S.K.: 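Have a look at this one before I ask anything.
Remember, predicted model here, so these are calculated numbers, not experimental data. Naming: A, B, ... by sequence-line order, numbering from 1 per chain.
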There are 2 protein chains.
Amino acid sequence: MSSPPSSPLARPADNLLYLTDEQLRQGTEAMFFAYRGFTADPDRILNKISYGRAHHRAIHFINVTRGATVNNLLSILGITKQSLNRVLRKLIEDGLVESVVGKEDRRERHLFLTDQGRDLEKQLSTAQHERMRKAFRQVGPEAVAGFRAVLEAMMDQDMRFLYNDLRNDGS
Amino acid sequence: MSSPPSSPLARPADNLLYLTDEQLRQGTEAMFFAYRGFTADPDRILNKISYGRAHHRAIHFINVTRGATVNNLLSILGITKQSLNRVLRKLIEDGLVESVVGKEDRRERHLFLTDQGRDLEKQLSTAQHERMRKAFRQVGPEAVAGFRAVLEAMMDQDMRFLYNDLRNDGS
DNA sequence: CTTGGAATGTCAACAACACTGACATAAAAT
DNA sequence: ATTTTATGTCAGTGTTGTTGACATTCCAAG
């Protein structure tokens, strides 16, 4: 499995984890191929209804945040407002998303899924979760914990904070 | 459609891993945020020289396969030949990739990085590996093993085969 | 009350990267 | 000799991202 260090020099504080270029390369490729699998199932559904991943992401985070403003969503998605706006406009037009003017600050728009939006969200997450559930079951809980630990450590700090906020509540 | 144990019934062979929708959602979001981090560092380098992720992926796999044909690369990347060709043309034009007519089958073009191509590859992989190395060190070897196990289980089967082929050699 | 700034929306142009379809060429396979 | 395979290329399209410019709405500070 983990090949020994190509150099015969023993490394001092790190000899539990031989991080050769080869191992890092394998990690890189694992991320690449796995991400393809990760998006494949929802992509098939989205394709049928002429939506893309951007729509999926918007729908996902509108669902979990329930009432986030456009700016909130922009921070999460890390795209420009123009990009998001194009996607949101279509989702609102199609009746999947509702945009509600803020009660306290009336400049803000709070975003919610309609019943129809929740239907699509359920379809997409069900498809995506199926593969992940299979994978998680197959490898066992310790592996899953490791998976999550590595992913969290690989995030930018801002995203790690966001990720952990979304972990508990949907503010 | 196996819904999580909202019922108090203990499940027999599966009670080590309660795969609630909430946990699967967190896995989903971890993948999303982590993939952003994963690509962020090379993206910065690519941006400066007006290349995109497609160029990075081509360079990466040309490097590890050393002499793969265009068709080989298409299988790995999962894109159309037109998409790949656009990228390859530029890389060859720019002197990063060399295309060598096959010795046995002269229809085939075998792809190699030039010295200049290897330079860029090194830059990109170094940047990407830095983050991954930090993450791997931080979480420890068992977590890394779990990470890789989950990712491999999440791949489509074809990709899993490819991934394991690339694991050992570069044929 | 006026002005400044924040939040949002919209328009236009552009680029990267994927797609399809059609067609050309060369060479291997039958 | 014909078909199939491997590759390349041209043209068109769509999604998703980008900048830049500008309008609107409205809170808040002077």
Side-chain angles (χ1 to χ4, degrees), chain A residues 32 35-36 39-40 42-62 67-94 97-111, chain B residues 32 35-36 39-40 42-62 65 67-94 97-112:
Chain A
F32 172 66
Y35 201 79
R36 282 246 294 276
T39 56
D43 277 357
R44 264 188 288 276
I45 296 171
L46 293 161
N47 217 357
K48 285 185 210 159
I49 54 178
S50 294
Y51 282 172
R53 274 182 213 171
H55 300 90
H56 184 187
R57 292 194 283 260
I59 287 172
H60 173 92
F61 285 108
I62 291 171
T69 64
V70 173
N71 256 4
N72 292 157
L73 219 50
L74 284 177
S75 309
I76 294 174
L77 295 173
I79 57 176
T80 59
K81 63 176 177 170
Q82 292 91 331
S83 275
L84 178 56
N85 195 256
R86 194 197 305 116
V87 170
L88 280 181
R89 206 187 315 159
K90 187 161 190 196
L91 291 174
I92 291 169
E93 248 178 51
D94 293 354
V97 167
E98 201 183 359
S99 168
V100 177
V101 172
K103 208 166 65 177
E104 293 177 0
D105 185 336
R106 290 174 50 188
R107 290 167 300 181
E108 295 178 341
R109 306 301 148 96
H110 297 273
L111 302 166
Chain B
F32 172 65
Y35 201 79
R36 282 244 295 275
T39 57
D43 278 357
R44 263 187 290 275
I45 296 171
L46 294 160
N47 217 358
K48 285 184 208 157
I49 54 179
S50 293
Y51 282 173
R53 273 182 214 172
H55 301 89
H56 184 189
R57 292 194 283 261
I59 287 172
H60 173 91
F61 285 109
I62 290 171
T65 57
T69 65
V70 174
N71 257 3
N72 291 158
L73 219 52
L74 284 176
S75 308
I76 294 173
L77 296 173
I79 58 176
T80 59
K81 63 173 177 172
Q82 292 92 330
S83 280
L84 178 56
N85 195 255
R86 194 199 309 117
V87 170
L88 279 183
R89 207 187 315 161
K90 186 158 191 199
L91 290 175
I92 292 170
E93 249 178 50
D94 294 355
V97 167
E98 199 184 359
S99 168
V100 176
V101 171
K103 207 166 63 176
E104 293 176 358
D105 186 335
R106 291 174 49 189
R107 290 170 301 179
E108 295 178 340
R109 309 299 151 93
H110 297 273
L111 302 166
F112 300 90

S.K.: Please determine whether any donor N or O and acceptor N or O are separated by less than 3.5 Å between the side chain of R107(B) and the base of dT5(D).
M.R.: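 Yes, a donor-acceptor pair under 3.5 Å.
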S.K.: Just how far, in rounded Å, is C1' of dC17(C) from CD1 of I59(B)?
M.R.: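 After rounding, the reported distance stands at 15 Å.
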S.K.: Can you measure L73(B) atom CG to dA18(C) atom P for me and round it to whole angstrom units?
M.R.: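 Whole-Å distance recorded here is 12 Å.
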S.K.: Can you measure L111(A) atom CG to dT8(C) atom C1' for me and round it to whole angstrom units?
M.R.: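 Those two atoms, CG and C1', are 11 Å apart.
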S.K.: Output every pair passing salt bridge (charged side-chain N to carboxylate O under 4.0 Å, His left out) with a member in residues 46-62 of chain B, not counting sequence neighbours, ordered by first then second residue.
M.R.: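 Only D43(B)-R53(B) qualify under salt bridge (charged side-chain N to carboxylate O under 4.0 Å, His left out).
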S.K.: Which one, dG17(D), dG8(D), dC19(C), comes nearest to the side chain of I79(A)?
M.R.: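 Minimum distance to the I79(A) side chain belongs to dG17(D).
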S.K.: Does any non-hydrogen side-chain atom of N72(A) lie less than 4.5 Å from one of T69(A)?
M.R.: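 Sidechains of N72(A) and T69(A): in contact.
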S.K.: If I take atom CG in residue N47(A) and atom C1' in nucleotide dA18(C), what distance separates them, rounded to the nearest angstrom?
M.R.: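 Distance check: N47(A) CG to dA18(C) C1' gives 11 Å.
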S.K.: For residues L77(A) and F32(B), determine if any side-chain heavy atom of one lies less than 4.5 Å from a side-chain heavy atom of the other.
M.R.: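 Yes; the side chains approach each other to less than 4.5 Å.
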S.K.: Of the nucleotides dA7(C), dA27(C), dC11(C), which has the atom closest to the R89(A) side chain?
M.R.: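 Per side-chain heavy atoms of R89(A), the pick is dC11(C).
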S.K.: Parallel, tilted or perpendicular: which describes the rings of H55(A) and Y51(A), with under 30° parallel and over 60° perpendicular?
M.R.: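 Parallel, since the angle between the ring planes stays under 30°.
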S.K.: Within the structure, does a side-chain N or O atom of R53(B) lie under 4.0 Å from either OP1 or OP2 of dA15(C)?
M.R.: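 For R53(B), the contact criterion (side-chain N or O under 4.0 Å from OP1 or OP2 of dA15(C)) is not met.
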S.K.: Is the closest side-chain heavy-atom distance between I92(A) and E98(A) below 4.5 Å?
M.R.: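 A side-chain contact is absent here, since even the closest heavy-atom pair is not under 4.5 Å.
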S.K.: Roughly, in whole Å, what's the span from CD in E93(B) to P in dG8(D)?
M.R.: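 Rounded to whole Å, this separation is 14 Å.
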S.K.: Phosphate oxygens OP1/OP2 of dT25(C): is one of them under 4.0 Å from a side-chain N or O of R106(B)?
M.R.: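 No, because none of the side-chain N or O atoms of R106(B) sits under 4.0 Å from OP1 or OP2 of dT25(C).
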S.K.: Rounded to the nearest angstrom, tell me the gap between atom NZ in K90(A) and atom P in dG9(C).
M.R.: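 One finds 18 Å between P of dG9(C) and NZ of K90(A), rounded.
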S.K.: State whether H55(B) places a side-chain N or O below 4.0 Å from either non-bridging phosphate oxygen (OP1 or OP2) of dC17(C).
M.R.: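 It does, given that an N or O in the side chain of H55(B) lies less than 4.0 Å from OP1 or OP2 of dC17(C).
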S.K.: Atom NZ of K103(A) to atom P of dA7(C): distance rounded to whole Å?
M.R.: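 Distance, rounded to whole Å: 20 Å.
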S.K.: Quick one: label H56(A) by what it contacts on the DNA or RNA (base, sugar-phosphate, nothing), any heavy atom closer than 4.0 Å.
M.R.: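 If one applies the 4.0 Å heavy-atom cut-off, H56(A) turns out to touch nothing in the nucleic acid.
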S.K.: Whole Å only: how far is the CZ atom of R109(B) from the P atom of dT5(D)?
M.R.: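 Result: 18 Å.
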S.K.: Would you indicate, yes or no, if dT8(C) has its OP1 or OP2 atom less than 4.0 angstrom from a side-chain nitrogen or oxygen of N71(A)?
M.R.: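 Yes, within the criterion.
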S.K.: Does some side-chain heavy atom of N71(B) sit less than 4.5 Å from a side-chain heavy atom of L74(B)?
M.R.: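 Heavy-atom side-chain distance check passes, below 4.5 Å.
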S.K.: Can you classify the ring geometry of Y35(B) versus Y35(A) as parallel (below 30°), tilted (30 to 60°) or perpendicular (above 60°)?
M.R.: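 Because their plane-to-plane angle is under 30°, the rings of Y35(B) and Y35(A) count as parallel.
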S.K.: Of all of residues 80-88 of chain A, which get a heavy atom below 4.0 angstrom from DNA chain D, listed by number?
M.R.: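 DNA chain D contact set from residues 80-88 of chain A: T80(A), Q82(A), S83(A), R86(A).
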